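The next block holds one structure in the form of C-alpha cells; read it before the comments.
Computation of the quantities below employed the complete heavy-atom set of this structure, encompassing side-chain atoms and omitting hydrogens, waters and symmetry-equivalent molecules. This is a predicted model, so every value here is computed, not measured.
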Amino acid sequence: MKQKIFRIIRTYILAVLIIPLIGISCNEDEILEETPLDFLAPKNAYSSVAGARQGISGLHAYARNYLFKDAASQECFAWRRGVSTDIAYHGEDPASTKFPCDFVSFFTSTNYVSRDSWTRNYKLIQNANVLIAAIEESDLEIWENEDQMNAYKAEAMFFRAYAYRELVSCFGAVPIVTEVINAPKTDFTRNPVSEVYAAMESDLKFGTTYLPVRGEEEDPGRITQGAAWHFLAEAYVAQGKNQEAVEACTHVIDDYGYAIMTERFGSTVDVFGSGDVYLDLHAYGNHNLDANTEAIWVDQYEPLVEGGSSNLGERGFGCAYFRMGNTPDGYQAFLGEYYNGKYTGYSDTLGRPVAWIRPTYHAANAIWKSDWDNDYRNAKHMIKRKFYWDNPASAYYGQAVDFSLYPSDAGRDPIKDTCQYIFPYFMKFADPCNHFTSPDRSGGGNNHKDQYALRLAETYLLRAEAYINLGQKGKAADDINVIRERSNATPITADEATIDYMLDERIRELWGEEQRQITLRRTGKLIERILKYNNNPKFPGLNAKDYHVLLPIPQTQIDLNIDAEFDQNPGY
C-alpha cells in the first residue's frame, strides 16, 4: 500500500511540476484528460463484453492467487489456509520468525501478514470498483440485455464483498471504499463494523438477484447466486442475524439443485486402492463435473496451457519426508522416483512438500477417535499416517518409518523428525501420480488440481451454526448429520450439537479449505481454541493474547493518512 501510494504521489507531483511549463494558455482539464488510443485503460479495455469478461477473469485470478497460489508470500498463503489456528502450526520451523509462531513478537504494526491482508484486499476492492464503474458507464448496446450487464456487475460486487469479508474479520472497523480512487487520498476513516457488513449485504443481495443460477454461468468457476447467498448468510451469522442466516443458507440448499455427493463419481486416480466418494470430491478433474452437485465455487487451475496455473497444495500441506536423511542403518531413507538415469529422492505419490502447514494433534488425532476406522475422511488415502523406507540396500526397506529404531547416538532432532519430516499428511491437497511439470521433483510442490473455494458441505455447517445460536439444536444436529452420514461417521444427537462440536466437524470436513481464522473469529473462539489446541512444540498456544483477536493496522496506512485520525487496534 505504501509503495503504491508513493507511486501515485510521485506521479501527481510530476504532473504539478510539468503543467506550468506547458503554458498558461492551456486548458488544465484538457491536459489532464487522457484519451487512450494505443494502450489499455478502463475507458477502452472494458468498453466491450469481451473486455469486461477479461476484467472478471482478473478478479478471479487475483482472489485465486492469494488463496491457493501465492509463492511470493508463502506465509500469507499458509495463514489463509489455517496455520496458527487450532488446526495447524508451522512445521518446517515451529520457532520461525517468518511465520506466526509467537504472536507477541510476530504481530506488530509492521508485520507483513497484516500488511498483505490489508493491501491485497484493498487492491481487489479497487480492481472491482474500476470494473463496476466501467460497466455502469458502458453503452447498454454492447450487452445482450440489461440482465447480462447486471450479472457482470454483480460478479464484480461479489468480489468487493469477499474482500471486505477478510478485512472486517481481521481488522474490525475499516474504510468503506465504493468509488474508484484515482488520486492521492490521505483522509481515510474507519467505518464501524456494522456499516461494513451493511455494505457487504448490499453487494451480496445484488448478487442473489442478478448473478446466474447454477448451470447457467458462462464458464466453470464463475460466481453464481448460490455463492452470494452463502456469504450473505455468513455475514448474517457474524452479526447475530441467525434467522436471516438460516433462510439464506436454505436458499442455497434447496433452490439451485445442489446436493451432498453420496455416490462415487468421476475419474479418480485411486493409488491406494481404497477410495470412496470423499476421495472423488477431491480428485483431479472431478471438481467441475456436472455430476458434482456439491461444488458451488471452484478455483480453476489448468496445466500446460497459456494462462494456466498451479496451486501450492502439496508444497504447503505435506511433510518434507525427503529431507529426513538416512535409515537407522545409514542408507538414504527415500530414493523416490527413477528419472533420467537416477533416483530423484521424491515420491510421485506424495509430491515435494515443505511442511508449511503441519496439523495440530487435535486436528490429526483427537477429533477422529470416535470414528477412527469408519469415517471416510480419516481413511488412509485421505490422511496418510504411515511412510515407508524405500531403499532396497537397507535392512529396513519396506518398513514403516519409526524414529525409535534409530540408535541413541544418531543425532536425530525429534522436532524436525515429527514436525517437518513425518506427520499426518492430509492428501486432499495432493494429486498422487498426476504431475504435469517438474517430473524430476515430482511436481516441485505444485499440482494443477482445482480447489474448492466453497462447497455445499460448508453451507450445511454454517446453517447448523445459526441453528445452534438460535437454540434449535435438533435442527443443527440434522444438518451436521447430513455431512457425517455421507462420510460413514456416526450421527450425533441434539445434545451434542454445540459450537465446539460444529467447529470440530468443520475440521473433519473442511481442513485447509475454509479460512479457519475467519470462522473462529465469527464464533468468538479464536484465542480460546488456539490456546487449547495449538500444540506447537516451541510455542504452545502460540503465545496468543486476547488482543490478537484482531490484527494490527499496518503502520504504513496510519503514517500516510495525514489528514484524518486513523487509530491502531488495541494492544499494538
Side-chain angles (χ1 to χ4, degrees), residues 53 55-68 80 121 124-125 128 131-132 147 150-166 168-169 197 199-238 244-261 281 287-290 292-300 450-463 465-466 506 509-510 513-515 518-519 522:
R53 187 179 295 115
I56 292 292
S57 296
L59 296 178
H60 276 272
Y62 195 88
R64 176 191 66 199
N65 285 349
Y66 82 66
L67 283 174
F68 284 105
R80 291 189 173 93
N121 283 294
L124 182 56
I125 289 166
L131 182 54
I132 291 166
D147 285 344
N150 283 331
Y152 274 60
K153 179 180 174 182
E155 198 160 2
M157 292 169 71
F158 172 89
F159 281 105
R160 182 167 67 186
Y162 192 74
Y164 274 115
R165 170 182 182 253
E166 183 170 285
V168 73
S169 175
Y197 277 117
M200 292 168 61
E201 286 182 25
S202 177
D203 281 353
L204 292 168
K205 285 177 180 176
F206 191 85
T208 63
T209 300
Y210 292 108
L211 283 167
V213 300
R214 175 181 178 268
E216 296 184 7
E217 63 270 32
E218 292 183 1
D219 302 291
R222 293 284 293 272
I223 306 300
T224 61
Q225 290 183 18
W229 276 117
H230 175 95
F231 287 109
L232 179 60
E234 189 186 81
Y236 284 148
V237 174
E244 292 94 326
V246 166
E247 293 166 3
C249 286
T250 302
H251 279 298
V252 184
I253 293 167
D254 291 349
D255 294 348
Y256 296 103
Y258 297 113
I260 295 296
M261 296 300 298
L281 271 173
H287 295 66
N288 294 302
L289 294 177
D290 290 340
N292 185 350
T293 57
E294 192 165 331
I296 298 176
W297 174 19
V298 177
D299 279 328
Q300 307 292 303
D450 296 331
Q451 299 290 340
Y452 295 109
L454 176 64
R455 56 187 174 91
L456 188 63
E458 185 168 356
T459 308
Y460 270 100
L461 293 173
L462 182 62
R463 190 169 71 173
E465 180 182 335
R506 289 183 76 105
E509 183 68 25
L510 301 169
E513 294 180 57
E514 65 171 330
Q515 284 186 262
I518 292 179
T519 299
R522 184 179 69 246

Spacing of [X] atom [atom1] and [Y] atom [atom2] [to the nearest 0.5 Å]:
X      : Y      : atom1 : atom2 : answer
Asp450 : Gln300 : CG    : CD    : 4.5 Å
Glu509 : Leu461 : CD    : CG    : 6.5 Å
Tyr164 : Met200 : OH    : CE    : 10.5 Å
Asp147 : Leu211 : CG    : CG    : 11.5 Å
Gln515 : Glu234 : CD    : CD    : 8.5 Å
Leu59  : Met157 : CG    : CE    : 13.0 Å

Task: Partner of Tyr258 by side chain to side chain contact (heavy atoms under 4.5 Å, CB included), out of Ile296, Thr459, Thr293 - done: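 Going through Ile296, Thr459, Thr293 one by one, the side chain to side chain contact (heavy atoms under 4.5 Å, CB included) with Tyr258 is satisfied by Ile296 alone.
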TODO: List in chain and number order the residues that pass side-chain contact (heavy atoms from CB on, under 4.5 Å) with His60, two or more places apart in sequence or in another chain; answer none if no residue qualifies.
DONE: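 Scan of His60 (side-chain contact (heavy atoms from CB on, under 4.5 Å), adjacent residues dropped) gives Ile56, Glu155, Phe159, Arg222, Ile223, Trp297.
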So which heavy atom on [X] is nearest to which on [Y], and how close?
X      : Y      : answer
Cys249 : Ala233 : SG-CB, 3.6 Å
Asn288 : Gly221 : OD1-N, 4.3 Å
Ile260 : Leu456 : N-CD2, 3.7 Å
Ala156 : Ala128 : O-CB, 3.5 Å
Leu204 : Ala228 : O-CB, 3.8 Å
Ala154 : Gly207 : CB-CA, 4.0 Å

Task: His251 and Thr208: CA distance, side-chain angles, deciding distance, side chain to side chain contact (heavy atoms under 4.5 Å, CB included) verdict - done: CA-CA 10 Å; His251 279 298; Thr208 63; over 6 Å; no
Is there side-chain contact between [X] and [Y], with heavy atoms separated by less than 4.5 Å?
X      : Y      : answer
Gln225 : Arg214 : no
Asp203 : Phe158 : no
Arg455 : Leu510 : yes

- [ ] Determine, step by step, whether Thr224 and Tyr256 satisfy the side chain to side chain contact (heavy atoms under 4.5 Å, CB included) criterion, reporting the C-alpha distance in whole Å, the side-chain angles of both residues, the deciding distance to 0.1 Å, and the verdict.
- [x] CA-CA 10 Å; Thr224 61; Tyr256 296 103; over 6 Å; no
Task: Any residue meeting side chain to side chain donor-acceptor pair (under 3.5 Å) with His287, in chain and number order, not counting sequence neighbours - done: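 Expected list: none.
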Open item on the list: Would you say that more than 12 heavy atoms from the other residues, nucleotides or ligands in this model lie under 6.0 Å from the CG of Asp254, or not?
Closed with: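 Enclosed.
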Open item on the list: Side chains of Tyr152 and Arg53: any donor to acceptor distance under 3.5 Å?
Closed with: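 Arg53 vs Tyr152: donor-acceptor pair found between side chains.
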- [ ] Decide whether a cation-pi geometry holds between Lys153 and Phe206; the criteria are a distance under 6.0 Å from NZ or CZ to the six-membered ring centre and an angle within 45° of the ring axis.
- [x]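 Yes; both conditions hold, so Lys153 lies above the ring face of Phe206.
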Task: Stepwise side-chain hydrogen bond (donor to acceptor under 3.5 Å, both in side chains) check, Ser169 with Arg522 - done: CA-CA 8 Å; Ser169 175; Arg522 184 179 69 246; over 6 Å; no
Open item on the list: Test of understanding: with ring-ring contact (aromatic ring centres under 6.0 Å, His included), list the residues that count as partners of Tyr197, not counting sequence neighbours.
Closed with: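 Partners of Tyr197 by the ring-ring contact (aromatic ring centres under 6.0 Å, His included) criterion come out as none, since no residue qualifies.
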TODO: Give the intermediate values and the outcome of side chain to side chain contact (heavy atoms under 4.5 Å, CB included) for residues Tyr452 and Leu281.
DONE: CA-CA 10 Å; Tyr452 295 109; Leu281 271 173; 3.5 Å; yes
